Amino acid sequence: MHHPTYGTHMKIKSQLSQIIKKVLEDANIEAEDIVISDATKPEFGDYQFNGVMRLAKILRKNPRQIAMDVVKHIDTTGMITKVEVAGPGFINIWLDNRWISTQANSILEDKRVGVGLVENSQKVVVDYSGPNMAKQMHVGHLRSSIIGDTLATLLEFLGDEVIRQNHIGDWGTQFGMLIAHLEEQGADGNQNLQDLEQFYKDAKVRFDESEEFANIAREYVVKIQSGDEHCLNLWRQFIDKSLGHCEEVYAKLGVNLTRNDVRAESFYNSELPNIIKILKDKNISTNSNGAECVFVDGEDKPPVIIQKRDGGFLYATTDLSALKFRAGELEADRICYVVDARQGQHFKQVFSISKQANIVGESVALEHIAFGTMMDRSGKPFKTRDGGTIKLIDLLDEAVIRAKETIKKRNEYSEAELNRVATAIGIGAVKYADLSISRESNYLFSWDKMLSFDGNTALYMQYAYARIQSIFRKHNAEIIGEIKIDDELEHKLALMILKFEDTLTKASIEATPHTITSYLYDLVTLFMKFYEQNPILKDGVEKEVKMSRLQLSKLTANVIEKGLDILGIEVVDRI
RNA sequence: GCACCCAUAGUUCAGCUGGAUAGAACGCUAGUUUGCGGUACUGGAGGUCACAGGUUCGAAUCCUGUUGGGUGUACCA
């Protein structure tokens, strides 16, 4: 896996690591990765370097001695104000208040709040959402949609060229049934498509009850596949309508997917035989029991079937074709699949085949951005059983209704304002709850938890933001002046603000949105403490101090706003 | 059967390219407070990091095994 190189704009850790590296080099000590970590305790400073012990082992020298040498040669007149050796050879680092305030002051008017652009911009394909056109979007599509959208937004913000790909499921045998039903209903059909779920059920009933209908449905599958215009028209009509449903959900969710991002399964149809040919020609696939197979994991393990005995193709073939398109036509450097963890094996195999067959170049990074299952309160997955699925659209509507209940009593709202605020809060709650869990673990869905003002929730962030806006309203004048740090909490808060870039960088490399939410939570908690102890607008606060604290508040609000924006969550000025 | 994932406070979760006394939140509990939005802030109790070995200066983190749970596994996607 190769990682992009980032600029040194505000990258604190990389600056520190360069300082240490230089000092070690001057002492003729070679070190590959200088990993700087956040100090584990306040008394250990702001950052620490723990790598000396490892180096000492290799060099067979006393770690404390090396650490002492390093510390002696570190310049403490600039960024770093103090370094010390502790324990067996830890190096603790304190950053200078003036340096921090200079950095903070330099980003007061910066829309990017100090976050630079990547030096080596990559072309990144992010494949996410991928709903099935035969059905209405349900809770199972939620995580892919919002994690994928966040990843895309994040990478774009950091300067990568992002190509969103919505690999919608628009092909397969069930469409024969659906368009047969659509045609049978004639003019009413379009009307009945309002409720796709019901339409699917009705079609299924017809399929089961009428032999004649079932035969037509089967015929239609063949006809679509052979390019029959009449059937294709019905099919397009159906897909268009279904996609419209999805767009409604995207609009409500605030997910940035448009028709331009749709690259449906069917898009790859004509290319599938070519994939088989490539794999056959390279002797990667073999015929086994009539099916064309690739034995990725060995002869004794189940193979990946790329062509069925009856000549049909499977989704592995489609994915290989999509990989070819993305690496070839789209020229991607990195391809991210935001898909349920349960498909891990599939992607491992498909990635492996694509590299082996050189369908995808050696340098292209292929990543399965896996996520866990959404569970209900009893710890069971939201299952996709007939009739029992929770439609995503209903879930989102409920979120907004619940948000209204939560905030209604707080303030007098006009109806328009209540709707706007409740939407931001309700949708934000759903998204934040999902994004704040490390994505690979399963996720327990709880309305009460996600709509709480307490704890690591969107509402807590939005509340903090609104509270800061309220300070500005009360101040009701220009904020002019510089940040000056002479207090421990100011030091911590300003430094936290400056850590935004390191946080986003980490989140982008590991594709972990929860890195961002944890950071925001820490930031907001810190701000609340700062605000509690450092009066801003109270009588008796000197003007310079007041301005400095207002500026810190402003930067905090800017980071919250930008951070939430990357997560696809809106802020409001008043709750 | 085989493969992958998971197991951390009563609960929901962080921490995992090895580092100092394992962190939050909720809940419980004790405070602050005539409050620049108190849905705030401060403190306390609560842990054999599933279990057993191993690697080493040092393990929640890496390796092996055991137990318990989840998922996937030849012609759906």
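Throughout, a chain's letter reflects where its sequence line sits, starting with A, and its residues are numbered from 1. All values reported here derive from a predicted model rather than from experimental measurement.
- Within 3.5 Å, no donor on the side chain of A:T525 pairs with an acceptor on the base of B:A24, nor the reverse.
- Atoms CD1 (A:I471) and P (B:C36) sit 10 Å apart, rounded to a whole Å.
- Considering only the side chain of A:Y315, B:A77 comes nearest among B:A77, B:C2, B:A20.
- The side chain of A:E265 lies closest to B:A77, out of B:U12, B:C41, B:A77.
- Atom CG in A:D38 sits about 13 Å away from atom P in B:A20, given to the nearest Å.
- For B:A40, the base has no donor-acceptor partner in the side chain of A:D454 [N/O atoms by modelled type, under 3.5 angstrom].
- Screening residues 295-308 of chain A for side chain to side chain donor-acceptor pair (under 3.5 Å) gives A:D297-A:Q349 as the qualifying pairs, with residues at least two apart or on separate chains.
- As a whole-Å value, the separation of A:Y519 OH from B:A14 P is 21 Å.
- Distance from the side chain of A:R473 is smallest for B:G37 among the nucleotides B:G37, B:G18, B:A77.
- A residue-by-residue look at A:M528 and A:P303 shows that A:M528 has its nearest nucleotide of RNA chain B further toward the 5' end.
- With B:G23, B:C75, B:A74 as the candidates, the nucleotide lying closest to the side chain of A:A291 is B:C75.
- Taking every side-chain heavy atom of A:Q343 into account, B:A77 is the closest of B:U56, B:G37, B:A77.
- Taking atom CG on A:L526 and atom P on B:A25, their separation rounds to 13 Å, with Å as the unit.
- Checking B:C36, B:C75, B:G58 against the side-chain heavy atoms of A:L537 singles out B:C36 as nearest.
- For A:S441, a side-chain nitrogen or oxygen approaches OP1 or OP2 of B:A14 to under 4.0 Å.
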Go through it in stages, so that I can follow the logic: the residues are A:F527 and A:L555, the test is side chain to side chain contact (heavy atoms under 4.5 Å, CB included), and I'd like the CA-CA distance, side-chain angles, deciding distance and then a yes or no.
CA-CA 11 Å; A:F527 177 80; A:L555 278 181; over 6 Å; no
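- Look at CE on A:M375: it is 10 Å from P on B:G70, rounded to the nearest Å.
- Salt bridge A:E490/A:R549: present, at least one basic N to carboxylate O contact under 4.0 Å.
- Secondary-structure annotation of RNA chain B gives the stems B:1-5 with B:69-73, B:10-13 with B:23-26, B:28-32 with B:40-44, B:50-54 with B:62-66, with a stem taken as at least 3 successive Watson-Crick or G-U pairs whose two distances both fall under 3.5 Å.
- In this structure, A:F90 packs face-to-face on the six-membered ring of B:A20, meeting both the 5.5 Å centre cutoff and the 30° plane limit.
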Does the pair A:Y315 and A:H346 meet the rule for a ring-ring contact (aromatic ring centres under 6.0 Å, His included), with working shown?
CA-CA 10 Å; A:Y315 79 137; A:H346 165 72; 3.9 Å; yes
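- Separation of atoms OG1 (A:T40) and CD (A:Q48) is listed at 4.5 Å; rounding is to 0.5 Å.
- Counting distance only, with no hydrogens placed and no angle test, the side-chain atoms of A:Q48 and the base atoms of B:A20 include a donor-acceptor pair under 3.5 Å.
- One atom, CG of A:D448, and another, C1' of B:G27, lie 13 Å apart when rounded to the nearest Å.
- Taking only side-chain nitrogens and oxygens, A:S438 comes nearer than 4.0 Å to OP1 or OP2 of B:A14.
- Among the nucleotides B:C75, B:C41, B:G37, the one closest to any side-chain atom of A:Y460 is B:C41.
- The side chain of A:R467 has B:A40 as its nearest neighbour among B:A40, B:C13, B:A77.
- Proximity of A:K308 to the phosphate of B:A74: no side-chain N or O atom is located under 4.0 Å from OP1 or OP2.
- With salt bridges taken as basic N to acidic carboxylate O contacts below 4.0 Å, none links A:D502 and A:K506.
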Intermediate values then yes/no, ring-ring contact (aromatic ring centres under 6.0 Å, His included), A:F90 and A:F44
CA-CA 9 Å; A:F90 299 102; A:F44 298 156; 7.4 Å; no
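- Ion pairing between a basic and an acidic side chain is recognised when a charged N comes within 4.0 Å of a carboxylate O; A:D127 and A:R326 show such pairing.
- Within the 4.0 Å cut-off from OP1 or OP2 of B:C13, not a single side-chain nitrogen or oxygen of A:H514 is found.
- Put simply, CG on A:L523 is 17 Å from P on B:A24, counting in whole angstrom units.
- Atom C1' of B:G35 sits at a distance of 16 Å from the matching atom of B:U42, rounded to the whole Å.
- A salt bridge links A:K324 with A:E271: at least one charged nitrogen is closer than 4.0 Å to a carboxylate oxygen.
- To the nearest angstrom, P of B:A77 lies 13 Å from NZ of A:K135.
- Of the candidates B:U73, B:C36, B:A14, B:A14 carries the atom nearest the A:I437 side chain, counting heavy atoms from C-beta on.
- If A:G290 and A:G87 are placed on RNA chain B by their nearest nucleotide, the residue sitting closer to the 5' end is A:G87.
- A sub-4.0 Å separation between OP1 or OP2 of B:G18 and a side-chain N or O of A:R54 is present.
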